[in-house]
There are 2 protein chains.
Amino acid sequence: MATRDTGAEENIKEAAKRIFFVEGKLNATTQDIANEAGVNRTLLNYYFRTREALFDQVYKEALSALSQKMDEVFKAELPFRQKVENIIEVFLEDIITYPFKEIFLISEINSEHAEIKKSNEPENPVFRNFAIEVEEAMKRGEVNRIKDPYHFIINLFSLMAYPVIIRPLNEKLLNFTKEEYDEILKNRKSEIINLLLN
Amino acid sequence: MATRDTGAEENIKEAAKRIFFVEGKLNATTQDIANEAGVNRTLLNYYFRTREALFDQVYKEALSALSQKMDEVFKAELPFRQKVENIIEVFLEDIITYPFKEIFLISEINSEHAEIKKSNEPENPVFRNFAIEVEEAMKRGEVNRIKDPYHFIINLFSLMAYPVIIRPLNEKLLNFTKEEYDEILKNRKSEIINLLLN
DNA sequence: CTTTTGTTTGACACTTTTGTTAAACAAATA
DNA sequence: TATTTGTTTAACAAAAGTGTCAAACAAAAG
């Protein structure tokens with residue numbers, strides 16, 4: 001049986017991700033994506049049927065990859081401080097590499113199509129468990145007392161993601177040059193740890 | 001001279017803002033906007049010439065309104081702590097009302113068109129001045145020591161904006177119900193103050 | 001009430017983008 | 001080398017979206 005995989009399908013998805021997550025062109029045409037992938041546009045329909053189906057698939061893969069990565073770092077058996085440092089390292093790198101990924105995901109969730117199932121998935125205990133660890137760290141005095149440990153998680157991601165997402169706007173409003181902003185981002189990790197942990 | 005202003009032009013812009021900033025439909029068609037405004041689509045071309053011109057104008061107005069609001073609250077002659085509380089109150093309300101505004105702005109900045117001038121505007125001293133106030137507050141011990149006071153500003157906006165922007169994703173990944181998330185947001189102000197100020 | 005001025009609309013033409021089809025093509029197997 | 005299988009393409013058809021125009025319309029001014 002003749003079978004060969006030129007990897008075209010994967011290339012197309014990779015190209016789409018570059019366009020969406022890196023360049024931030026959220027309403028790229030199928031032609032744009034075909035160009036980026038270096039293939040004929042018809043091929044997109046061959047593999048994915050419709051434009052929406054391609055978007056959906058990229059969406060789903062990105063979401064499940066994100067979910068999986070979260071599981072990994074949040075479940076790790078490490079002392080609290082190390083775990084937090086690890087989380088920051090992992091996610092900050094990802095966010096900086098794909099600054100528009102979260103915006104794309106939000107857009108997709110928000111858009112009509114994308115047969116997004118109403119989280120019929122069983123509740124993931126990862127965050128519930130991590131919240132307990134936060135509580136314990138609070139008791140030990142490693143983290144400042146707060147009402148709800150979920151705020152700790154939200155704070156953590158806010159402090160990592162937002163500066164990257166908002167970069168173009170900040171460079172306008174806060175008059176940062178690219179170099180200055182890179183410098184800011186380079187210091188984020190220690191900045192965040194400093195703020196969240198005692 | 002016969003002159004009457006039915007306010008249609010303003011209505012269209014308001015409709016566009018609702019669609020972009022509230023509903024988050026970033027690639028709404030001119031028809032979508034006309035429907036939302038309750039007018040004929042041609043009217044959009046009459047007033048704004050092209051779709052892009054409408055987008056640009058909404059973009060510019062939102063940006064300058066944001067800029068102006070920033071000036072206002074950051075310049076206010078208030079004790080540091082009160083000023084920060086004020087900033088949080090003002091922006092949190094705005095962000096919750098228009099959760100997609102910043103994403104729209106980023107998208108516009110990122111898009112080809114939008115003859116976005118490379119900030120030829122003279123540098124706005126507002127943040128520079130506020131950064132000095134942060135320094136002083138650090139010396140007085142009201143704020144934890146950090147390397148660069150600009151991180152304080154970035155932290156502040158991150159903690160306000162991100163939880164709102166990312167809401168749809170968080171409700172998926174962290175398994176929050178709408179009610180639970182509303183509760184979280186309600187507590188943000190005190191949470192942020194607690195974290196940033198001593 | 002007629003004119004003037006500016007507003008609103010429906011119909012049309014144009015462009016962009018998407019989706020389909022049939023044929024050409026390339027590589028592995030026999 | 002011929003066959004099979006799967007890949008890639010150009011050309012076409014259909015759909016969606018944008019922009020223009022001329023005519024109808026409404027309100028203020030004369």
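Reminder, nothing fancy here: chain letters follow the sequence lines and each chain counts from 1. These numbers come from a predicted model, not from an experiment.
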Practice problem: For B:Tyr181, enumerate each residue passing the side-chain hydrogen bond (donor to acceptor under 3.5 Å, both in side chains) test, keeping only those at least two apart in sequence or located in another chain. | Solution: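 Applying side-chain hydrogen bond (donor to acceptor under 3.5 Å, both in side chains) to B:Tyr181 gives B:Asn170.
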Self-check item: Letter per nucleotide, 5' to 3', of nucleotides 9-22 of chain C [B base touched, S only sugar-phosphate touched, - untouched; heavy atoms, 4.0 Å]
Solution: BBB-----SBBBB-
Rounded interatomic separation in angstrom, taking [atom1] from [X] and [atom2] from [N]:
X	N	atom1	atom2	answer
B:Phe48	D:dT18	CZ	C1'	16 Å
B:Asn35	D:dG17	CG	C1'	13 Å
B:Ile33	D:dA16	CD1	C1'	16 Å

If we count only N and O atoms by modelled type, under 3.5 Å, do the side chains of [X] and [Y] hold a donor and an acceptor together?
X	Y	value
A:Tyr47	A:Gln57	no
A:Gln31	A:Asn35	yes
A:Asn110	A:Ser107	no
B:Asn198	B:Arg81	no

Practice problem: Kindly state whether the ring of B:Phe104 and the ring of B:Tyr98 have centres lying under 6.0 angstrom apart. | Solution: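 Judged by ring-centre distance (under 6.0 Å), B:Phe104 and B:Tyr98 do not meet the cut-off.
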Practice problem: For DNA chain D, list all stems, counting runs of three or more consecutive pairs where every pair is Watson-Crick or G-U wobble with both distances under 3.5 Å. | Solution: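 Stem segments, range with range: C:1-30 with D:1-30.
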Quiz prompt | Option among A:Phe127, A:Phe157, A:Phe80 that satisfies the ring-ring contact (aromatic ring centres under 6.0 Å, His included) test with A:Phe152 | solution =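 When ring-ring contact (aromatic ring centres under 6.0 Å, His included) is applied between A:Phe152 and each of A:Phe127, A:Phe157, A:Phe80, only A:Phe80 qualifies.
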Exercise. Determine the sole option in B:Ile88, B:Leu195, B:Ile193 for which the side chain to side chain contact (heavy atoms under 4.5 Å, CB included) test with B:Leu159 is passed.
Key: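 Output: one option passes, namely B:Leu195.
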